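Here the structure is laid out as structure tokens; the discussion comes afterwards.
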Amino acid sequence: MPKMLIRLFIALLATFLWNSIYAADQFPPVSGVIALSSGQVTIKTTSLDGKVSNRNGAVGQPIYLNDEIKTGAQARVQLLLKDQSVFNIGQNSVLMIDKFVYDPAKSQLSVTIERGAFKFVSGKISNSNSEAMQVKLPNATIAVRGTRVAGEVNPEGVSTVVLLHGVVDVTTTSQGASSTATLSKSGWGVQ
């Protein structure tokens, strides 16, 4: 845990410096930073005035609300969010931060994973309310409650979710009907 706190401190310091240099008032709120990165990682950011920019993802780069993070072949990236949630995505993956509100009164986190392998450890937001954190997949939504999860969204959009620790509800919608599976034992999964 101390290594993660040191990484968080370094990453937040790098974010502060980045924002000071590049006029952060033009960008959406910072949700977190890149903690680890290897290979080609691209971040698509839309500024508050609607300008779209692409930048290379490197350690210490800020992650803004609504950023789209893409990894190339043989690439991996780890995102550390302000609430200490950690998202890892593998090669040829796409992840977006849809909503991030870190406030003791009403915190919310919503992340979309369009494709690729992923693993996440939920942070403080998921501990505040069982409906405060959601991870959206092309054909399902994961409601997170203090959890570690791994999975994959294959190129055809089929999702696999495996619980590593904690409890999650995975809700799928198909042809207008939805069903929910609760995963409560480590190693249980759903596709």
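Predicted model only: the values in this text are computed from it and were never measured.
Minimum interatomic distance between A140 and T172 (heavy atoms only, all atoms of both residues): CB-CG2, 3.8 Å. Contact record, S93 with G116: OG-CA, 3.1 Å, taken as the closest heavy-atom pair. Summarising the geometry of A181 relative to V190, their closest heavy-atom pair is CB-CG2, 4.4 Å, with the distance given to 0.1 Å. The minimum heavy-atom distance between I34 and G57, with the atom names listed, is CD1-CA, 3.6 Å.
The distance from the CD1 atom of I69 to the NZ atom of K44 is 12.0 Å, given to the nearest 0.5 Å. From K136, atom NZ reaches atom CD1 of I142 across 12.5 Å, with rounding to the nearest 0.5 Å. I63 CD1 to I43 CD1: the interatomic distance, rounded to the nearest 0.5 Å, is 4.0 Å. To the nearest 0.5 Å, atoms CG (L48) and CD (Q26) are separated by 7.0 Å. For the atom pair N66 CG and I97 CD1, the distance stands at 9.5 Å (nearest 0.5 Å). Taken to the nearest 0.5 Å, the CD1 atom of I113 stands 11.5 Å off from the CD atom of E152.
A ring-ring contact (aromatic ring centres under 6.0 Å, His included) check over residues 73-95, counting only residues at least two apart or in different chains, returns the pairs F87-F120. Residue pairs meeting the salt bridge (charged side-chain N to carboxylate O under 4.0 Å, His left out) criterion with at least one partner in residues 178-191, sequence neighbours excluded, do not occur; the list is empty. The stretch residues 89-102 participates, sequence neighbours left out, in no salt bridge (charged side-chain N to carboxylate O under 4.0 Å, His left out) pair at all. Within the structure, the salt bridge (charged side-chain N to carboxylate O under 4.0 Å, His left out) test picks out the following pairs touching residues 66-79 (sequence neighbours left out): R55-D67, E68-K70. Pairs of residues two or more places apart, or lying in two chains, that qualify as salt bridge (charged side-chain N to carboxylate O under 4.0 Å, His left out) and include a residue from residues 164-182 are R145-D169.
Using modelled atom types, one side-chain atom of T71 and one backbone atom of N92 make a donor-acceptor pair closer than 3.5 Å. With hydrogens and angles disregarded, a donor-acceptor distance shorter than 3.5 Å links the side chain of S122 to the backbone of T147.
A continuous path of ILVMFWY side-chain contacts below 4.5 Å connects L65 to V111, so both sit in one hydrophobic cluster. Hydrophobic cluster membership differs between Y102 and M96, with clusters built from Ile, Leu, Val, Met, Phe, Trp and Tyr side chains linked at under 4.5 angstrom.
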Which donor-acceptor pairs under 3.5 Å do the side chains of residues 154-168 make with protein atoms, sequence neighbours left out?
residue: N154; atom: OD1; partner: E156; partner atom: N; Å: 2.9
residue: N154; atom: OD1; partner: G157; partner atom: N; Å: 3.1
residue: N154; atom: OD1; partner: V158; partner atom: N; Å: 3.0
residue: S159; atom: OG; partner: N139; partner atom: OD1; Å: 2.7
residue: T160; atom: OG1; partner: Q191; partner atom: NE2; Å: 3.2

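Residues L81 and I125 have side chains not in contact (no heavy-atom distance under 4.5 Å, counting atoms from C-beta outward). Under the 4.5 Å side-chain criterion, counting only non-hydrogen atoms from C-beta, L79 is in contact with L95. Looking only at side-chain heavy atoms (C-beta outward), K82 and V30 come within less than 4.5 Å of each other.
Judged as a side chain to side chain contact (heavy atoms under 4.5 Å, CB included), and not counting sequence neighbours, the contacts of Q40 are T42. For Q74, the side chain to side chain donor-acceptor pair (under 3.5 Å) partners are Q91, not counting sequence neighbours. By the ring pair (Phe, Tyr, Trp, His ring centres under 6.0 Å) test, F100 pairs with no residue at all, sequence neighbours left out. A search for side chain to side chain donor-acceptor pair (under 3.5 Å) contacts involving S85 returns D83, not counting sequence neighbours. In this structure, S31 has no side chain to side chain donor-acceptor pair (under 3.5 Å) partners at least two apart in sequence or on a different chain. S107 meets the side chain to side chain donor-acceptor pair (under 3.5 Å) test with no other residue; sequence neighbours excluded.
Annotation: N56, atom CG; neighbour count of heavy atoms from other residues, nucleotides and ligands within 6.0 Å does not exceed 12.
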